[in-house]
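Beneath this line is the structure, given in C-alpha cells, with notes to follow.
A note on names: the letters A, B, ... follow the listed sequences, proteins ahead of strands, and every chain is numbered from 1.
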There are 2 protein chains.
Amino acid sequence: MKIPGPVSKRLALYHRCVGTLLSEGRGITSSQELGERLSLKPSQIRKDLSYFGEFGKRGTGYDLKGLRLSLENVLRINKTWNVCIVGAGNIGTALANHREFFKEGYNIVAFFDRNPSKAGRKIGERGILVYQMSELEEKVKSLGIEIGVIAVPASEARNVAEILVKVGIKGILNFAPTKIKLEEVEIEDVDIGISFKALTFKMGAREIERQRSIGKENS
Amino acid sequence: MKIPGPVSKRLALYHRCVGTLLSEGRGITSSQELGERLSLKPSQIRKDLSYFGEFGKRGTGYDLKGLRLSLENVLRINKTWNVCIVGAGNIGTALANHREFFKEGYNIVAFFDRNPSKAGRKIGERGILVYQMSELEEKVKSLGIEIGVIAVPASEARNVAEILVKVGIKGILNFAPTKIKLEEVEIEDVDIGISFKALTFKMGAREIERQRSIGKENS
DNA sequence: CGAGTTTGTACTTCACTTTTACAAAGAGTT
DNA sequence: AACTCTTTGTAAAAGTGAAGTACAAACTCG
C-alpha cells in the first residue's frame, strides 16, 4: 500500500506528542486530544494510524505506552541508528551537542572533514572524534554507521552524497542549501535558507492582505 | 488570489537557482532549464511565476538579473530584515556564524537569553551581543527587529513566542521541537528531530519494498 | 516576411489529501 | 440485559494541488 508523503512527518509528531502526554503522567489518550494538541483533525490522525494497524480501543482511545511502541516500530526507532556527520563546522557541532537526538535513538558516532588538520579533534560536549574523509569507508563499516548528515557547503554537497552512497549509507539528512537527488538512498532536506525566505514571503502576503482589508473598509 | 502553500518554497528555490546561474556567468534562462535543474516541470515554474506577474520574454526566456530582482520583490528580500535569536545556545551560534543569511538579506543583530549570566557576551565570528530578556522590547524597537528566531527548549518555546508577539515581532522561525500556533504572527518551523524520524521511516519503507520485490521474484 | 522559440494561460485530467459520515466495538449505568 | 455514551476504523465524498495539453501572443533570427 502506498503511504502519502506527509504522513511520515505527522507520525513523528504523534510520537512526540505521545511522549509528552506520558511525561505528564497520562495513561490513555484519544484522537481528539491528539488533534487538539497538534492542530489536526481527529479523523486524519485515525486515518494515518490505520495505514499501519489498529492501535486503539473503541470507546476508550489509545493506550499511550502501546501507541508509543507501535509508532516506534513504524518510524523504525525501536533501535539505535549510528550517525556520522560530514563537515565539522557550526551546524555539525550544534547537532552533536543536541542530546535530544541520542535520547531518541540517533547516536552520532563520528565526524568527517575534508580539512585534514581537523582530524583527531574532538567535537562537542561528548567529544566525538573527527576523521579524515579517506577513513570514511572503513569507519562506516567498523562503527556500523547507517545514516549520514551532510553539513558542508552547497558546492561540495553532491560530491559528499555520492561518496556516502558509495560506502553503503542508506539515509542522508542534508543541511546544505541544495537539492540532491539520488536513486539509491533516502534523502531528507533541512533547508534553513528556504525557510527564511518562505517566512518573509508569507509575512509579505499577510501584510498585503491586511492593507487590502483596510482599503475595503474605507471604500 | 489564493496562492497554493507549496509555491512559497518553490519560489525560494527558483531564487537560489537563478543566483547559481548568474554566478556561472549566464545572462538568460528558460523555464525548461530551471525545470531540469530543480526536477520540476517547466509548466509548473511558469505557472508559479504567473501568480505574480510576467517576468519572461516570449521567444527568449527570462533575463536572470531581472528575474532575480522580481523574485526578491515577491519573497520580500529586496530589503534587509533585522533578526534576533532567542536562546544563545548551539543552534543560535551556528546560525550567527552562517554568513549566507546575511548575504541574502537576513541580518542577525541581537541575541536574547533567559540566563542573565550570558548577557553581555558576544556570540560567533561577528560578535553579536547577548541581551537579557527584559531588554527585548526596547532592543526590538531601537534595532528595528522584525523577525525572531526561537532557539530554546520546547518547554519555553511557546512562552517565548508569546513574548515576541507582544513586542511586535511579525515573523518567527521556530527551531524548538514543538508546534506553536499563534494568529498574530507568521511562524515557520524547522524541526530537525522530525526530519530524522521521517528519514528512518522512509528508510524502513524502502527496505520493506525491497524485500517484498525479492519475495515476489522468488515465488 | 517566415520559421522557430518560448512565454503566459486556459482548460482538462489526474493523483493525492482531507473531511465527512457512520457502522462497529467497547465502557459504564441502571 | 438494555440502553447510552464514547471512540475507533474506514468507506465515500469533497477539496486541492500537480501534471498534461493546447495554443495564441510575443519575440528572435535569418
Inset, instruction - Report, as yes or no, whether the 6.0 Å neighbourhood of atom NZ on K139(A) holds more than 12 heavy atoms from other residues, nucleotides or ligands. - result: yes

Inset, instruction - Could you tell me the separation between the CD1 atom of I3(B) and the C1' atom of dA18(D), rounded to a whole number of Å? - result: 16 Å

Legend entry - For the student: nearest non-hydrogen atoms of I147(A) and T200(B), plus distance: CD1-CG2, 3.7 Å

Inset, instruction - Output every pair passing salt bridge (charged side-chain N to carboxylate O under 4.0 Å, His left out) with a member in residues 172-198 of chain B, not counting sequence neighbours, ordered by first then second residue. - result: R16(A)-D191(B), E104(A)-K197(B), K202(A)-E188(B), R206(A)-E186(B), K9(B)-E188(B), K179(B)-D189(B)

Legend entry - Distance in angstrom units between L49(A) CG and dT7(D) C1', rounded: 13 Å

Legend entry - Start and end of chain A contact along DNA chain C [non-hydrogen atoms, under 4.0 Å]: dT17(C) to dA27(C)

Legend entry - Pairs meeting criterion ring pair (Phe, Tyr, Trp, His ring centres under 6.0 Å) with involvement of residues 193-214 of chain B, two or more places apart: F52(A)-F201(B), F101(A)-F196(B), Y106(A)-F196(B)

Legend entry - The single option from V83(B), I128(B), N82(B) passing side chain to side chain contact (heavy atoms under 4.5 Å, CB included) against N107(B): N82(B)

Inset, instruction - Would you kindly compare R46(A) and T29(B) by the position of their nearest DNA chain C nucleotide and give the one closer to the 5′ end? - result: T29(B)

Inset, instruction - Report, as yes or no, whether the 6.0 Å neighbourhood of atom NZ on K79(A) holds more than 12 heavy atoms from other residues, nucleotides or ligands. - result: yes

Inset, instruction - Round to a whole Å and report the spacing from OH of Y51(B) to P of dT16(D). - result: 13 Å

Legend entry - Carboxylate-amine/guanidinium proximity below 4.0 Å for E162(A) and R158(A): yes

Legend entry - Atom CZ of R99(A): over 12 foreign heavy atoms under 6.0 Å: no

Legend entry - Selection: residues 4-19 of chain B, any non-hydrogen atom under 4.0 Å of DNA chain D: P4(B), P6(B), R10(B)

Legend entry - L64(B) to V18(B) - nearest heavy-atom pair and separation: O-CG1, 3.5 Å

Legend entry - Nearest-Å distance for atom pair CD/C1', residues E54(B) and dA25(D): 10 Å

Legend entry - Ring-face cation of R126(B) near F102(B) (centre distance under 6.0 Å, axis angle within 45°): yes

Inset, instruction - Identify, residue by residue, the members of residues 55-75 of chain A with a heavy atom below 4.0 Å from DNA chain D, and return them in order of residue number, or none. - result: F55(A), G56(A), K57(A), R58(A), G59(A), T60(A), G61(A), Y62(A)

Legend entry - K47(A) or S31(B), whichever maps to the more 5' nucleotide of DNA chain C: S31(B)

Legend entry - Length of the line joining Q44(A):CD and dT10(D):P, which is rounded to integer Å: 16 Å

Legend entry - Residue list, side chain to side chain contact (heavy atoms under 4.5 Å, CB included) with N97(B), at least two apart or on another chain: N90(A), T93(B), E125(B)

